[in-house]
**Student:** 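Sharing a structure below in structure tokens format, with a few things to ask.
Each chain gets a letter, A, B and so on, in the order its sequence line appears, and its residues count up from 1. What you are looking at is a predicted structure, and each value in this text was computed from that prediction instead of being measured.
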There are 2 protein chains.
Amino acid sequence: MTETIPPRAPRPARGPSMADVAERAGVSTQTVSRVANGLTNVEPATRDRVLQAMQVLGYRPNKAARALRSGRFRNIGITMFTLSTYGNMRTLDGITVAAAAAGYSITLVPVRDPTQEAVSSAFTNLVEQAVDGIILLIEAHLVDNSEVELPPGLPVVVVDSGARADYPVVDNDQTEGARLATQHLLDLGHDTVWHVAGPEGSYPASRRHESWRDTLQAHGRAVPPLFRGDWTAASGHALGLEIAHRPEITAVFAANDAMALGIMSALHESGRRIPQDVSIVGFDDMAESDSFWPPLTTVHQDFDLVGQRSIEILLEEIEHAPIVPVRSIVPVRLVLRASTGTPPHAP
Amino acid sequence: MTETIPPRAPRPARGPSMADVAERAGVSTQTVSRVANGLTNVEPATRDRVLQAMQVLGYRPNKAARALRSGRFRNIGITMFTLSTYGNMRTLDGITVAAAAAGYSITLVPVRDPTQEAVSSAFTNLVEQAVDGIILLIEAHLVDNSEVELPPGLPVVVVDSGARADYPVVDNDQTEGARLATQHLLDLGHDTVWHVAGPEGSYPASRRHESWRDTLQAHGRAVPPLFRGDWTAASGHALGLEIAHRPEITAVFAANDAMALGIMSALHESGRRIPQDVSIVGFDDMAESDSFWPPLTTVHQDFDLVGQRSIEILLEEIEHAPIVPVRSIVPVRLVLRASTGTPPHAP
DNA sequence: CTGAAAGCGCTAACAA
DNA sequence: TTGTTAGCGCTTTCAG
């Protein structure tokens with residue numbers, strides 16, 4: 001469907017420079033620089049001539065040269081796995097908006113796989129970008145692994161991969177979230193709670209898993225075997241088919257909303273009622289969760305705040321201080337909707 | 001929850017330069033440059049000494065200086081509204097991956113509102129970024145408006161805002177998608193099809209709307225009044241409540257999956273059955289649509305391909321040709337699932 | 001295989 | 001208010 005593009009002469013590599021503008025306006029480059037930077041000590045008449053020359057020539061400042069002089073790029077690098085999960089996408093959104101408000105732009109460096117090699121190579125890549133600081137949003141244990149060398153010499157903030165003590169970290173309160181979810185189901189009268197976890201190697205998945213287990217143990221409840229998903233609704237659906245066959249399962253805590261959706265779909269298919277037969281709690285509070293059927297009880301994460309905090313800490317580092325191991329935990333809350341209820345009577 | 005960060009001495013602005021490495025290795029900066037760029041004409045022993053010096057000093061190349069010399073940044077700017085819609089997010093993902101494969105990184109410049117001012121100011125911002133080209137992903141009529149000056153002097157590709165003839169455009173086949181959706185419902189035997197549209201000012205929303213209308217007219221069917229949503233599931237839910245009260249509505253084409261989800265949720269709430277009472281078709285084919293209840297019949301968009309095409313065309317422009325008004329339409333397809341069926345018998 | 005020189009576009013510091 | 005000088009870190013060109 002793409003029409004072919006005829007080959008052409010290469011476009012000229014460079015646009016007009018300050019020198020060109022200066023020549024056309026009959027002033028020095030310095031004066032052009034002053035105008036470009038909005039300094040006031042320029043005769044209005046001169047300024048106008050310069051402005052006009054810029055206009056005519058289509059001048060735009062060369063950021064590379066500026067950065068070369070100043071040593072600053074006003075740009076922040078972000079490493080992340082492809083934006084395929086809701087949480088990552090929303091966090092990126094929050095970071096981008098907060099950065100823009102502070103006058104910084106964002107450079108994305110994707111990581112293909114969660115392998116140590118891919119991560120290390122992304123770090124190398126990142127360090128060679130024109131960035132003043134780095135946000136790591138890869139939510140993998142790998143980051144936690146001290147074998148992985150974090151990018152050196154640059155301010156770094158780690159999001160959602162929290163155990164490293166040597167770097168500042170911003171993290172949702174995974175532990176509290178999973179506790180709230182599990183506790184809620186126990187409070188409704190369920191004997192125990194089953195868990196559909198996120199993939200191995202994911203830091204948030206592990207934290208939610210551990211907190212679910214700890215909460216059950218704290219109440220002296222049996223800890224059922226784990227269901228292992230991969231964050232997708234499809235994986236939730238597959239596991240949900242299994243869950244539907246087991247009448248002893250009356251309460252499920254899914255590690256994210258997409259998997260919860262898949263589970264609910266499998267339960268519907270199998271003729272099991274929600275929440276009369278099985279109660280479900282998710283994690284994320286996607287914009288759509290309120291429109292799931294039934295509306296999903298879930299743990300709300302404040303992604304915008306995560307983004308804001310990350311930028312705040314990173315800019316502090318960039319502009320004032322060397323790396324400081326701050327640890328910022330963003331609170332979560334349980335949103336009660338219709339997917340949870342009291343357990344069915346014993347058969 | 002954030003521990004306070006004590007004020008510190010500002011971090012040193014610059015890291016070690018090539019000159020530092022050269023001095024430590026006892027060679028010229030030129031040799032260091034050769035090693036840094038992986039050129040082969042360096043004695044292995046020399047190379048090793050240089051590499052070691054880099055290691056010790058923690059050298060990283062200064063991209064600004066490099067860009068200043070080469071006139072190229074290997075960086076692409078993207079303007080978009082905050083990533084709150086599925087389609088935008090997936091397209092960004094596709095673009096990022098395709099760009100990374102070509103050795104380019106991505107700089108994000110968010111646009112707050114769909115006002116002419118905000119868009120223009122984002123363009124200005126973008127032009128001053130260190131980018132070699134620009135992708136406009138703001139899917140608004142504004143872009144189409146020739147009053148809005150597109151960023152001058154830089155290669156540009158416009159995604160999903162297609163009527164401008166003066167710039168290359170990549171667009172999903174909105175028209176064909178809406179036609180497929182509407183036709184499918186008519187083929188099932190529905191007298192007519194109602195439409196829940198996206199927000200005014202959105203280019204894809206308009207195209208889907210027009211194509212829905214045209215398809216009905218081509219079949220000599222009544223064109224019912226429009227329902228107007230804003231892409232969110234919440235807006236779909238609100239309109240769905242109204243739809244549920246109208247037994248004459250048996251077939252609905254929603255302009256995206258999120259709104260379709262909201263509509264379905266409202267229908268469930270109101271005790272209307274899908275598809276026995278009302279059939280629904282969406283647009284997007286979100287990863288989750290297959291797990292909606294019932295699984296959603298929808299129009300699949302190939303976002304990865306959109307990303308690939310955009311990058312392909314933009315790089316062609318950057319590396320070879322001046323701006324060429326290519327127009328690339330990415331095909332869509334209808335995915336049949338369980339939310340559509342024959343109309344109910346007349347009462 | 002290695003080095004010296006020049007200059008990319010810009011701005012800080014100084015001079016006029 | 002305006003101009004001159006120098007140099008940020010790197011790579012291209014030309015010599016050795």
**Student:** Rounded to the nearest 0.5 Å, what's the gap from CD1 on B:I135 to CD1 on B:I313? Could you check?
**Tutor:**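 Interatomic distance, B:I135 CD1 to B:I313 CD1, rounded to 0.5 Å: 9.5 Å.
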**Student:** Checking contacts here: which listed nucleotide (D:dT11, C:dC10, D:dT2) is nearest the side-chain heavy atoms of B:M18?
**Tutor:**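 Side chain of B:M18 sits closest to D:dT11.
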**Student:** If you measure from CD1 on A:I106 to CD1 on A:I76, what distance do you get to the nearest 0.5 Å?
**Tutor:**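 The distance works out to 5.0 Å.
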**Student:** Between atom CZ in A:R47 and atom P in D:dT1, what is the gap in whole Å?
**Tutor:**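 Nearest whole value for this atom pair: 11 Å.
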**Student:** Write down the distance between CG (A:L39) and C1' (D:dG3), rounded to a whole number of angstrom.
**Tutor:**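 Spelled out: CG on A:L39 to C1' on D:dG3 is 15 Å.
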**Student:** Which of these nucleotides, D:dT1, D:dC10, C:dC10, is closest to any side-chain atom of A:E43?
**Tutor:**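 Out of D:dT1, D:dC10, C:dC10, the nucleotide with an atom closest to A:E43's side chain is D:dT1.
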**Student:** Taking 4.0 Å as the cut-off, does a side-chain nitrogen or oxygen of A:N41 come that near to OP1 or OP2 on D:dT2?
**Tutor:**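 Result: no.
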**Student:** Looking at B:S28, I'd like to know whether one of its side-chain N or O atoms comes within less than 4.0 Å of OP1 or OP2 on C:dT2.
**Tutor:**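 For C:dT2, OP1/OP2 do not have a side-chain N/O of B:S28 under 4.0 Å.
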**Student:** For A:V32, which contact category applies under a 4.0 Å heavy-atom criterion: base, sugar-phosphate, or nothing?
**Tutor:**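 A:V32: no heavy atom of the nucleic acid under 4.0 Å.
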**Student:** Measure the distance from CZ on B:R34 to P on D:dT12 and round it to the nearest whole Å.
**Tutor:**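 Going from B:R34 (CZ) to D:dT12 (P), I get 11 Å.
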**Student:** Any side-chain N or O of A:S33 under 4.0 Å from OP1/OP2 of C:dT11?
**Tutor:**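 For C:dT11, OP1 or OP2 has a side-chain N or O of A:S33 closer than 4.0 Å.
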**Student:** For C:dG9, take OP1 and OP2 only and decide whether either is under 4.0 Å from a side-chain N or O of A:T29.
**Tutor:**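 No, because none of the side-chain N or O atoms of A:T29 sits under 4.0 Å from OP1 or OP2 of C:dG9.
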**Student:** Between the side chain of A:N88 and the main-chain N/O of A:T85, is any donor-acceptor distance below 3.5 Å?
**Tutor:**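 No, A:N88 side chain to A:T85 backbone: no donor-acceptor pair under 3.5 Å.
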**Student:** Please determine, by modelled atom types, if B:T107 and A:S105 share a side-chain donor-acceptor pair under 3.5 angstrom.
**Tutor:**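 No, no side-chain donor-acceptor pair sits under 3.5 Å.
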**Student:** To the closest 0.5 Å, what do you measure between CG (B:D304) and CZ (B:R90)?
**Tutor:**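 CZ of B:R90 is found 5.0 Å from CG of B:D304.
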**Student:** Would you kindly give the CZ-to-P distance between A:R49 and D:dT1, to the nearest whole Å?
**Tutor:**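 After rounding, the gap between these two atoms is 15 Å.
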**Student:** Can you tell me which nucleotide in D:dG9, C:dT2, C:dC10 comes closest to the side chain of B:A65?
**Tutor:**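 So the side chain of B:A65 is nearest to D:dG9.
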**Student:** Rounded off to whole Å, could you give me the CE-to-P distance for the B:M54 and D:dC10 pair?
**Tutor:**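 The distance from CE of B:M54 to P of D:dC10 comes to 9 Å, rounded to the nearest Å.
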**Student:** What contact category does A:Q30 fall into here, base, sugar-phosphate, or nothing, at under 4.0 angstrom with non-hydrogen atoms?
**Tutor:**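 Base contact.
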